[in-house]
*Asks:* 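Got a structure for you, questions after.
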Amino acid sequence: MTIHPEIGKILATLPAPDGSPLNPEAMRDGEAAQVPPLDQRLPLHAVEDATAVTPSGGVPVRIYTPAEADSYGLLVYFHGGAFFLGSLDTHDHVARALAKETGHKVISVGYRLAPENAFPAGLEDCYAVVRWAAEQGDSLGWDGKNLAIAGDSSGGNFVAAVAAKAHDDGFDRITHQVLFYPSLDLDFDVDRYPSLRENAEGYGLETAGLLPFNSFYLGSGADPADPLVSPIKREDLAGLPAALVITAEHDPLRDEGELYGRRLLEAGVDATVSRYEGANHGFVQNFFWIPEFYRAFEETGEFLNAGPGIDGNTGQ
């Protein structure tokens with residue numbers, strides 16, 4: 001399937017990469033300037049900023065309550081941005097949609113970014129907030145059932161890494177992991193996955209840009225051979241939480257996400273891989289207003305609310 005026409009229109013307006021060095025500060029300022037005003041965002045029952053007090057220190061969080069209720073499932077969300085971009089504000093609309101469509105109370109994590117903060121600072125923040133959410137369950141109105149984690153792109157990387165850390169630590173409260181077009185292999189050899197060649201150019205995220213964009217994280221001490229940096233390299237995936245892996249047809253990272261889903265199934269984990277045709281990397285954040293792509297939030301709600309015993313399928 002060709003790229004969705006609405007995405008195609010926008011891609012056609014983007015300048016071609018010129019190979020100039022990336023400037024994190026300028027790129028962050030550019031993202032911040034595009035955040036819509038509050039009155040243009042999806043309304044929810046309550047949205048509040050707070051600080052999660054953790055062994056990693058105080059971590060900024062934003063808590064989204066979808067509707068008034070006696071209790072809620074919890075969903076801890078890690079935003080994307082190649083480990084050096086993104087914020088509570090830039091992904092506010094994603095967290096709002098997740099809260100609305102899942103009915104869960106969403107806790108978005110303002111984790112520390114590279115390159116200012118060396119690996120594993122951001123990962124530690126994400127894991128610490130998940131544990132904090134479980135510890136603060138009463139004050140958060142947790143119903144004691146679902147404690148899900150979700151993330152897009154590099155946030156999906158953190159989802160897989162947090163699930164692995166929790167398993168190895170014996171922390172068994174995480175019930176679900178949701179990964180939107182995750183970045184799971186930071187070894188960018190173009191021969192590793194066909195999608196790195198098939199979707200190399202013209203779809204927004206380009207294969208040649210993967211290393212420069214991730215260089216801030218890798219340069220901060222993240223080793224691509226470490227399974228906490230490249231979760232696809234973890235040998236044993238048994239015992240991990242049930243998973244929903246959402247991928248995009250026109251994404252260089254498509255195949256590593258789908259491989260992770262298949263490996264989870266082979267390890268006996270309930271897992272669903274769902275490929276969105278006509279979509280590109282970042283569609284959940286950038287093109288959520290297109291009805292067929294907003295469907296990713298609805299699918300997440302169905303996954304989290306289906307109860308135990310979800311049937312795994314490749315969903316492609």
Side-chain angles (χ1 to χ4, degrees), residues 35-36 38 40-52 54 59-81 86-111 122 125-160 162-163 166 173-182 241-244 246 284-286 288-289 293-306:
V35 174
L38 188 59
Q40 295 181 16
R41 305 181 204 176
L42 178 69
L44 297 173
H45 176 68
V47 178
E48 58 182 316
D49 288 333
T51 299
T54 79
V59 182
V61 297
R62 185 168 293 168
I63 303 171
Y64 300 80
T65 304
E68 188 172 3
D70 293 332
S71 61
Y72 309 85
L74 298 183
L75 171 59
V76 184
Y77 169 65
F78 315 138
H79 67 76
S87 68
L88 296 177
D89 289 331
T90 62
H91 288 66
D92 179 81
H93 60 292
V94 177
R96 287 172 182 265
L98 284 170
K100 177 178 183 294
E101 299 304 333
T102 66
H104 286 46
K105 183 170 285 191
V106 172
I107 303 159
S108 184
V109 183
Y111 58 83
D125 287 349
C126 291
Y127 183 37
V129 171
V130 174
R131 300 198 66 143
W132 170 85
E135 294 165 0
Q136 299 296 317
D138 288 344
S139 63
L140 291 169
W142 183 29
D143 60 14
K145 298 177 183 177
N146 284 358
L147 176 56
I149 54 178
D152 57 299
S153 192
S154 55
N157 175 295
F158 281 158
V159 165
V162 165
R173 306 304 299 274
I174 300 173
T175 58
H176 302 74
Q177 53 177 321
V178 181
L179 304 90
F180 301 111
Y181 38 82
L244 172 63
I246 288 180
V284 167
Q285 180 193 6
N286 299 322
F288 65 97
W289 48 269
F293 298 149
Y294 187 86
R295 168 69 188 145
F297 297 116
E298 299 169 342
E299 186 175 6
T300 300
E302 293 164 4
F303 171 66
L304 296 187
N305 293 310

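Worth knowing before you read on, the calculation uses all heavy atoms, side chains too, and leaves out hydrogens, waters and symmetry mates.
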*Asks:* Please report the C-alpha distance between Val162 and Ile174 in whole Å, then the side-chain angles of each, then the deciding distance to 0.1 Å, and finally whether the side-chain contact (heavy atoms from CB on, under 4.5 Å) criterion is met.
*Replies:* CA-CA 10 Å; Val162 165; Ile174 300 173; 4.1 Å; yes

*Asks:* Find out whether Ile107 and Leu140 are in side-chain contact, i.e. whether some heavy atom of one side chain is under 4.5 Å from a heavy atom of the other.
*Replies:*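 With C-beta onward as the side chain, the pair touches.
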
*Asks:* Check Val284 against Ala296 and note the closest heavy-atom contact, atom names and distance.
*Replies:* CG2-CB, 4.0 Å

*Asks:* Quick check: closest heavy atoms across His104 and Asn305, and the distance to 0.1 Å?
*Replies:* CE1-OD1, 3.4 Å

*Asks:* Mind running side-chain contact (heavy atoms from CB on, under 4.5 Å) on Leu304 and Val178 for me, showing each step along the way?
*Replies:* CA-CA 9 Å; Leu304 296 187; Val178 181; 4.3 Å; yes

*Asks:* Return the set of residues passing side chain to side chain contact (heavy atoms under 4.5 Å, CB included) with Pro60 (not counting sequence neighbours), or none when no residue passes.
*Replies:*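 Result, side chain to side chain contact (heavy atoms under 4.5 Å, CB included) vs Pro60: Leu88.
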
*Asks:* Do you know the tightest heavy-atom contact between Ala99 and Pro66?
*Replies:*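 Of all heavy-atom pairs spanning Ala99 and Pro66, the closest is O-CB, 3.4 Å.
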
*Asks:* Test side-chain contact (heavy atoms from CB on, under 4.5 Å) on Thr90 and Val35; report intermediate values, then the result.
*Replies:* CA-CA 6 Å; Thr90 62; Val35 174; 4.2 Å; yes

*Asks:* Just jot down the salt bridge (Lys or Arg N to Asp or Glu O under 4.0 Å) partners of Asp143, sequence neighbours excluded, or say none.
*Replies:*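 Asp143 satisfies salt bridge (Lys or Arg N to Asp or Glu O under 4.0 Å) with no residue once adjacent residues are dropped.
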
*Asks:* Can you list the residues that meet the side chain to side chain contact (heavy atoms under 4.5 Å, CB included) rule with Glu299, with sequence neighbours excluded?
*Replies:* Leu244, Ile246, Ser274, Tyr276, Arg295

*Asks:* What's the separation between atom CZ in Phe288 and atom CG in Leu98, rounded to the nearest 0.5 Å?
*Replies:* 12.0 Å

*Asks:* Which pairs count as salt bridge (charged side-chain N to carboxylate O under 4.0 Å, His left out) when at least one residue sits in residues 89-107, sequence neighbours excluded?
*Replies:*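 Output for this query lists Arg41-Asp92, Arg62-Asp89, Arg62-Asp92, Asp92-Arg96.
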
*Asks:* Show your working on side-chain contact (heavy atoms from CB on, under 4.5 Å) between Arg131 and Thr54 and close with a plain yes or no.
*Replies:* CA-CA 9 Å; Arg131 300 198 66 143; Thr54 79; over 6 Å; no

*Asks:* Please identify each residue that fulfils side-chain hydrogen bond (donor to acceptor under 3.5 Å, both in side chains) with Ser153, with sequence neighbours left out.
*Replies:*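 By the side-chain hydrogen bond (donor to acceptor under 3.5 Å, both in side chains) rule, Ser153 matches His281.
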
*Asks:* Kindly compute the distance separating CG (Leu74) from OG1 (Thr102), expressed to the nearest 0.5 Å.
*Replies:*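 Here the rounded value is 10.0 Å.
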
*Asks:* Please name all residues satisfying salt bridge (Lys or Arg N to Asp or Glu O under 4.0 Å) with Glu135, sequence neighbours left out, ordered by chain then number.
*Replies:* none

*Asks:* If you look at every heavy atom in Ala133 and Leu147, which pair is closest and at what distance?
*Replies:* CB-CD1, 4.5 Å

*Asks:* So, using ring-ring contact (aromatic ring centres under 6.0 Å, His included) as the criterion, who are the partners of Phe158 when residues are at least two apart?
*Replies:* Phe83, Tyr111

*Asks:* Can you tell me if Trp289 uses its side chain to pair, donor with acceptor, with the backbone of Phe293 under 3.5 Å?
*Replies:*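 No.
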
*Asks:* For Val59, does its backbone N or O pair with a side-chain atom of Asp125 as donor and acceptor, under 3.5 Å?
*Replies:* no

*Asks:* Indicate yes or no: at least one non-hydrogen side-chain atom of Val76 is less than 4.5 angstrom from one of Trp132.
*Replies:*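 Side chain of Val76 against side chain of Trp132, heavy atoms only: no contact under 4.5 Å found.
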
*Asks:* Which heavy atom of Ala148 sits nearest a heavy atom of Thr175, and at what distance?
*Replies:*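 Where Ala148 meets Thr175 most closely, the heavy atoms are N-OG1, 4.1 Å.
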
*Asks:* My understanding is that only residues two or more places apart in sequence, or in another chain, count here; which of them pass side chain to side chain contact (heavy atoms under 4.5 Å, CB included) with Ala95?
*Replies:*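 Scan of Ala95 (side chain to side chain contact (heavy atoms under 4.5 Å, CB included), adjacent residues dropped) gives Tyr64, Tyr77, Val106, Ser108.
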
*Asks:* For Ala69, what residues pass the side chain to side chain contact (heavy atoms under 4.5 Å, CB included) criterion, not counting sequence neighbours?
*Replies:* Tyr72

*Asks:* For His79 and Gly110, indicate whether the former's side chain and the latter's backbone hold a donor-acceptor pair under 3.5 Å.
*Replies:*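 Flag not set: sc His79 to bb Gly110 has no pair under 3.5 Å.
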
*Asks:* Holding to ring-ring contact (aromatic ring centres under 6.0 Å, His included), I want the full list of residues that pass it with Phe78, two or more places apart in sequence or in another chain.
*Replies:* none

*Asks:* Compare every heavy atom of Ala163 with every heavy atom of Ile149, then report the nearest pair and how far apart it is.
*Replies:* CD1-N, 4.1 Å

*Asks:* State which residues pass side-chain hydrogen bond (donor to acceptor under 3.5 Å, both in side chains) with Tyr181; sequence neighbours excluded, sorted by chain then number.
*Replies:* none

